[in-house]
Every structure is written in C-alpha cells, then in structure tokens.
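Working notes, beginning with the structure itself.
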There are 2 protein chains.
Amino acid sequence: MSLNDAAEAPRQRRRGEDLENALLDAAWEELKLAGFNDLTIDAVAQRAGTSRAVLYRRWPGKMEMVAAATRHAILRDRGPAPEPVGDLREDLLHLLRWANRSDVRTIIEATAHLGAYLAQEKLTYRDVRDYFLGGRPPQSHSPIEAAIARGEIDDASVSPRVRSLAFDLFRHEVILNQQPLSEEAMVEIVDDIVVPLLTRKR
Amino acid sequence: MSLNDAAEAPRQRRRGEDLENALLDAAWEELKLAGFNDLTIDAVAQRAGTSRAVLYRRWPGKMEMVAAATRHAILRDRGPAPEPVGDLREDLLHLLRWANRSDVRTIIEATAHLGAYLAQEKLTYRDVRDYFLGGRPPQSHSPIEAAIARGEIDDASVSPRVRSLAFDLFRHEVILNQQPLSEEAMVEIVDDIVVPLLTRKR
DNA sequence: ATCATTAAGAGACATTGCGTATCTTCACCG
DNA sequence: CGGTGAAGATACGCAATGTCTCTTAATGAT
C-alpha cells in the first residue's frame, strides 16, 4: 500500500470557497432530508465532514445558515425563467411550472420559518426575496410586462399587487400544502383568477 | 386570620375542564409572549402553576399543545363574523377587518408551523381550519354569497378558488409579514383584485 | 362516612441539541 | 521557511425535552 492510499487517508483540509460550498451543500441536503425543525447543526457538520465550530464561525445560528444554504441552492440549481412567447396564459403557466420544481417545498418551508426571524430583524419579505435571488431582478412579472408591451392589457390598470398575484397565490398554496402545486391548481390560478382579472373589459 | 386565608394557602387541586382551560390559557399566553419557537413546555407549566407531566399527559408534544391552545383561543375570543349589509366592497372590507385582529399574528404563526406537521400526518390545510373553527362553517364567503343572492354577480363564474381569494391573499400577507395587515393592504386586496374580478364584464 | 381509584403536582433523571472555548495541525502567503 | 490564521477535534456548561416515580388531593362507589 502506498502512502497516499485512499482508505483512511486523513482527508486534506478544505478552505475558502471550497469549504464554504461543501458546508452549504451539506446544509441543503440535510434541510431537504430533515426539514427545518429537525435539522441539527451537528448533522450538517457531520455530513460536511467537519465540526460545528466551523459552521458557527460562519453563521451565528441555524436560521442564518439555512438562509445561506437556500440562497446557495437556488442560485446553483434554478435556471433562467422561461422567456415569454407571446401568449399571456401560456406564459404564466410556463412560469408557474418553472417555479414549481420539486424542491420548492424545501425553499418555501425555509422562507416560512424565516418569517418569524424577519419580524425580529425588522426586515420585509422583499428583502428576503432579494437576498435569495442574489440581486437578480425577479422575472416573475415578465409575461405581464410582455402583454403590456403587446398592447393586450393596460399598464395603468395593473398595480404591483396584481403583478405579483400569480406568484403570491402560488406561494400561499405551497406554504399551506407543503408540497408542489398540482397542474390543476396552477391552471385554476391562471384561468380563474389572473387572466380574467388582467383581461377584463371595463 | 381565618383558615381559608389567601396568602400561601396550598392551591387546591384543579381537575377536568377547569384544569384543561387553565392549561390552554397558559399555553396561549406564552405563545403570544414568546412565539412558537421560543415557547417552552416548562414555561407553560409554570404559568399554569403545575408541572410538565400534567401537560404531557394531555398532548404528546409542543405541536399538539399549540394546536389545542390556538383552537381554544379562537373559539373563546372570536365573535361572529359581521353580517353582510348589502354592499360587496364594504362587506368584504368589514370581513377582512374582523379577521385582522391583533392576535392573528399568533394564530397564523401557529398555522404556519402546523404546516410542517401536517405534511407528516397527511392532513390537509382544510382539516386544520375545520379543527380550528370547531366545525363551524366558515363565514368568510358570505359577502360573495350575499351578492350572488342579490343578483349582482353570477354564481357560475365564481369558482371555489375565487370565493376564498380574499382570505387567501389575506393569509398570505400575514404569513409573510408576520403581522396584521395595514388598512391600505386590505383596501388594495378588495379594490384592485377581488371586486374587479367578481364584477368584471364579460 | 369510608375506601378505592384516578390523576394532580413535585421532583429526579437521562438525553439531546446548542453555543463557546481550547488545542493541535494544516494550508497558505510573504 | 517561518509566521499566521483557520480547520477540525474535543470538551464543557446550559437549556429544554420527555419519562418516571412518589405523595397526596379529589372523586365516585359502596
């Protein structure tokens, strides 16, 4: 056996970005497996092959670690939102389907738990979303913007609250059900609510 | 001084409903003070002037205790919903204001935490709402029902999702902000979304 | 009235997770 | 190379959990 043999070779020490990524990956994995409540810092440390001290050096507590891990996972996994093709209904549905990945459950659960923390820190939900998206402008309105550009709907009649309506209802449903939306639910949101509201005659 | 003097007379032992109410009151108070995460079974026991064992005899854990306490507080405090007076917009606003009591924050927080628990138990949110409301039919749709009865809007065009829309948006906002809605937010929900959707020309 | 039963309330216990502190050893930088 | 800063291991005290045991008060049946 050589000296560099695999078996119980003392794992070489990671640093900087390498380590950080390993920690965040481990945290995200544990979050998916155990959920927020059952997540322990210790389990994350073990999965990452390190000790709790290393985690505490980076984040003051579970909340911050989960926030960082969620942001990390979102920025890593989530591809760009689908571009509008010119049909309001279809574009909205595509966007919801895009958002409705299997790990939304974990993301939304983290977001919900973040809520309690937010109140203390006097942050708004907007701050969190911005944090999670890493400064990228939210593309969730683009089907509506595109429809406005096409002249199909009137800019002035679409308040910020209406613009975010589809995603608000989406988020609400995921929070309550703790799972991705069914195809039917997405179609109902679009066909019963968002599209009728946007295209109503006045 | 008589024998029954107050001072440090050994508190007589409570049983049955008396005790149960005292426990639930204590749990609700602690929940309001500390929030779900910081709530300890011990604090509830102390506030109720008893010991943890008594609580564990009734509920298997924090989650179930909080659920029971929330239900208890809702059934005790919440008066009947305001009756519709015949103006859709005003009736919706009254209903939202009625729901927007200062303790909604606590209620909704409990509900949100319940979410994680629900997933395990394969319960739907509907089950929880029914549990919280103690079997009472939700009156939240009544302004819409009244408007339908008056012939102002068409029954067929109002799907279940549309009927619960105002409350869904209300709930979504409370969960995200972890506090009661502002008057402006309620007006926006009603004026920008719910009423236009319900009264649109087709 | 008295006696058996049930559960209240007090307290002890082991267990688990948290957050901190200490110590050695490695990786990097000049 | 030699200094520095952080990795990773480990130990500690603390807080909360959930279980158990023990006594004693309240209750219901005889």
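Every value quoted in this text rests on a predicted model; they were computed, and no experiment measured them. Below, read A as the first sequence line, B as the second, and so on, with proteins coming before strands; counting in each chain starts at 1. Note: hydrogens, waters and symmetry copies are ignored here, and every other heavy atom, side chains too, is used.
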Name the closest nucleotide to the [X] side chain, picking from [options].
| X | options | value |
| --- | --- | --- |
| A:R13 | D:dG8, D:dT19, C:dG19 | D:dG8 |
| A:L19 | C:dA27, D:dA7, C:dG9 | D:dA7 |
| A:Y56 | D:dA26, C:dA12, C:dT20 | C:dT20 |

| said: Run A:D155 and A:E145 through side-chain contact (heavy atoms from CB on, under 4.5 Å) and show every step you take. | reply: CA-CA 8 Å; A:D155 190 10; A:E145 309 305 334; 5.5 Å; no

Interatomic distance, [X] [atom1] vs [N] [atom2] [rounded to whole Å]:
| X | N | atom1 | atom2 | answer |
| --- | --- | --- | --- | --- |
| B:Q46 | C:dG11 | CD | P | 11 Å |
| A:M65 | C:dC18 | CE | P | 8 Å |
| A:D18 | C:dC28 | CG | P | 9 Å |
| B:E17 | D:dT27 | CD | C1' | 16 Å |
| A:L39 | C:dT16 | CG | P | 17 Å |
| B:D42 | D:dC14 | CG | C1' | 14 Å |
| A:R14 | C:dA27 | CZ | P | 12 Å |
| A:R58 | C:dG19 | CZ | P | 17 Å |

| task | Could you check A:R15 against A:T40 and say which one's nearest nucleotide on DNA chain C is further toward the 5' end? | result |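 Result of the comparison: A:T40.
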
| task | Could you tell me which residues satisfy side-chain contact (heavy atoms from CB on, under 4.5 Å) with B:K32, sequence neighbours excluded, listed by chain and number? | result |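 Per chain and number, B:K32 pairs via side-chain contact (heavy atoms from CB on, under 4.5 Å) with B:W28, B:E29, B:T106.
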
| query | Looking only at N and O atoms, is any donor in the side chain of B:S51 or the base of C:dA10 less than 3.5 Å from an acceptor on the other one? | reply |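 Answer yes: a donor N or O sits under 3.5 Å from an acceptor.
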
| said: Is it the case that C:dG9 (base atoms only) and B:R57 (side chain only) share a donor and an acceptor within less than 3.5 Å, ignoring hydrogens and angles? | reply: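 Looking at the base of C:dG9, it does pair with a donor or acceptor on the side chain of B:R57 (distance under 3.5 Å).
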
| task | Select from B:A53 and A:G16 the residue whose nearest nucleotide in DNA chain D is closer to the 5' end of that strand. | result |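 Residue closer to the 5' terminus by nearest nucleotide: A:G16.
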
| message | Between A:E64 and A:G61 (side chain of the first, backbone of the second, donor and acceptor by atom type, cut-off under 3.5 Å), is there such a pair? | response |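 Side chain of A:E64 to backbone of A:G61: a pair is present.
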
| For B:V158, does its backbone N or O pair with a side-chain atom of B:R163 as donor and acceptor, under 3.5 Å? |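 Judged by distance alone, yes, a pair lies under 3.5 Å.
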
| query | Can you check whether B:R52 has a side-chain N or O nearer than 4.0 Å to OP1 or OP2 of D:dG18? | reply |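 For B:R52, the contact criterion (side-chain N or O under 4.0 Å from OP1 or OP2 of D:dG18) is not met.
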
| message | Is there a side-chain contact (heavy atoms from CB on, under 4.5 Å) between A:V54 and A:R14? Walk through the geometry before answering. | response | CA-CA 11 Å; A:V54 176; A:R14 301 155 294 182; over 6 Å; no

| message | What I'd like to find out is whether the side chain of A:D42 reaches to under 4.5 Å of the side chain of A:Q46, using heavy atoms alone. | response |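 Yes, their side chains come closer than 4.5 Å.
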
| How bent is the helix from C:dA1-D:dT30 to C:dG30-D:dC1, comparing axes over its five end pairs at each side, to the nearest 10°? |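 The value is 20°.
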
| Minimum heavy-atom separation for A:R150 to A:L88, with atom names? |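 What the structure gives for the nearest pair is NH2-N, 3.7 Å.
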
